[in-house]
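See structure below.
FYI, side chains are in, hydrogens and waters are out, and symmetry mates aren't considered; it's all heavy atoms of this structure. Letters A, B, ... mirror the listed sequences (proteins, then strands); counts begin at 1.
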There are 2 protein chains.
Amino acid sequence: MPKNKRPQEREAKRGEIVASARALFMERGFEATPMSAIARSAGVTPNTIYWYFSDKDDLLITVLDELLVESWAAYRGQTASDDVDQLVWVVDGFRDLHLLISEIHARVEVSPALAAWHDRFHAASEGLLADELTARGVPEASLGPTVKIAVFVIEGLVTHGLEPAQARTILETLVAGMPSA
Amino acid sequence: MPKNKRPQEREAKRGEIVASARALFMERGFEATPMSAIARSAGVTPNTIYWYFSDKDDLLITVLDELLVESWAAYRGQTASDDVDQLVWVVDGFRDLHLLISEIHARVEVSPALAAWHDRFHAASEGLLADELTARGVPEASLGPTVKIAVFVIEGLVTHGLEPAQARTILETLVAGMPSA
DNA sequence: CGGGTTCTTGACTGCCGTTCAAGATAGGCT
DNA sequence: AGCCTATCTTGAACGGCAGTCAAGAACCCG
């Protein structure tokens, strides 16, 4: 195309690739989705994807960033009544990402770029949770460990696919055991 | 070989394959270990492995069973002073398995055999932990959720590779928040 | 010393992520 | 108008992977 191809068209095609990848990654998982399937779904040859993304991990990270931005927006617009309700809401939101979440944790050991994304994600969400728990009266001293525990429980609930009812009970027990001022 | 080849030799070769697989799986992880590397390390052609094991997952499950038996024996022989010490001991034992543990959770979604193993493992270890916590005074009513929380925290600590000191602090906070009689 | 089971292997298939070099496209410049 | 060149697309190919297959080697039992 032209020297300065209108970035509109470029971004449109790029966006289609990301959308296809996102849908397939969420539905079948990362490893189970070949580049060829993403390409087919986006109406493109596999090679074309490599013009827009350096490799499959790069595409995954782009998808994850997109999901992250949307989740963040949804979180801001969420009506958090109870403490437990808030955690339940988070777990519910992650539920259809459980395939990806498990695979991310496995791939972190093999893809430095993904490891960096994972670290950023944890830092951000733990910071958010820390604010929330501080406001709820968790003392500064035990804040760090309490945040980690909550994060690990959330991850466990999601990756092990526990039923909503059971997840709620567990989160209630978790909150009941949190240190308070 | 013979009709009834002395099972000694057969088991010896099978054992060598398992030992090689175990070492490589633990060192590099499951996905990063090709069958060819296991074969080379065992002094065998890749095809030979398929005489003893139906596929790579079958070999993995054999390795995991072996590790499980040894862990169980070590657990029985362990001197559990404190509550926290006990959990710290468990986390320490799992530490060099963190590659495998992450990969198991991802592969559970794709390999029914591995999923079955994972379920059995959780049932067994949660049963064990339930006994332990009951003896420590956790009331029957909140036993289930408390066990799940502990398991998820242990898995989180292992897969995220937290430093021993940090892990201990987190486990202390966890135990402090457990319901008591 | 044959025969049939147990074991081993070389050759192969199909799929994967990724690379490469050739081609198509179309604005900017003269 | 017509070339230049950067941008984009693709067919073909590579190397590595898990797993299959059919031919062969090994060796106890009759």
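In terms of the side-chain hydrogen bond (donor to acceptor under 3.5 Å, both in side chains) criterion, A:Asp55 has no residue partners (sequence neighbours excluded). Evaluation of the side-chain contact (heavy atoms from CB on, under 4.5 Å) rule for A:Leu143 yields A:Ala130, A:Leu133, A:Thr134, A:Val138, A:Val147 as partners, not counting sequence neighbours.
With rounding to whole Å, B:Tyr52 atom OH is found 12 Å from C:dT6 atom P. When the C1' atom of D:dT20 is taken as reference, atom CZ of B:Phe53 falls 18 Å away, rounded to whole Å. Summarising the geometry, the separation between CH2 on B:Trp51 and P on D:dA22 is reported as 14 Å, rounded to the nearest angstrom. A:Ile49 places its CD1 atom 16 Å from the P atom of D:dC8, with the value rounded to the nearest Å. Distance, A:Lys13 NZ to C:dT25 P: 12 Å, rounded to whole Å.
Pairs of residues two or more places apart, or lying in two chains, that qualify as side chain to side chain donor-acceptor pair (under 3.5 Å) and include a residue from residues 138-157 of chain B are A:His160-B:Glu155, B:His105-B:Glu155, B:His122-B:Glu155, B:Glu126-B:Lys148. For residues 94-105 of chain A, every residue pair satisfying the salt bridge (Lys or Arg N to Asp or Glu O under 4.0 Å) rule, not counting sequence neighbours, is listed here: A:Asp92-A:Arg95. For the salt bridge (Lys or Arg N to Asp or Glu O under 4.0 Å) condition, the pairs that include at least one residue of residues 69-88 of chain A, sequence neighbours left out, are A:Arg22-A:Glu70, A:Asp83-A:Arg136, A:Asp85-A:Arg168. The list of ring pair (Phe, Tyr, Trp, His ring centres under 6.0 Å) pairs with a residue in residues 70-99 of chain B, not counting sequence neighbours, is empty. Sorted by first then second residue, the side chain to side chain donor-acceptor pair (under 3.5 Å) pairs that include residues 30-41 of chain B, not counting sequence neighbours, are B:Ser20-B:Ser41.
Distances shorter than 4.0 Å separate none of the side-chain N or O atoms of A:Arg10 from OP1 or OP2 on D:dT7.
A 4.5 Å side-chain heavy-atom check between A:Ile17 and A:Phe53 finds at least one atom pair inside the cut-off.
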The contact string for nucleotides 13-23 of chain C, one letter per nucleotide 5' to 3', using protein heavy atoms under 4.0 Å with B, S and - for base, sugar-phosphate only and none, comes out as ---SSBBB---

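In this structure, A:Thr48 reaches the bases: a heavy-atom distance under 4.0 Å links it to at least one base atom across the strands shown.
Taking every heavy atom of residues 14-26 of chain B and every atom of DNA chain D, no pair lies under 4.0 Å.
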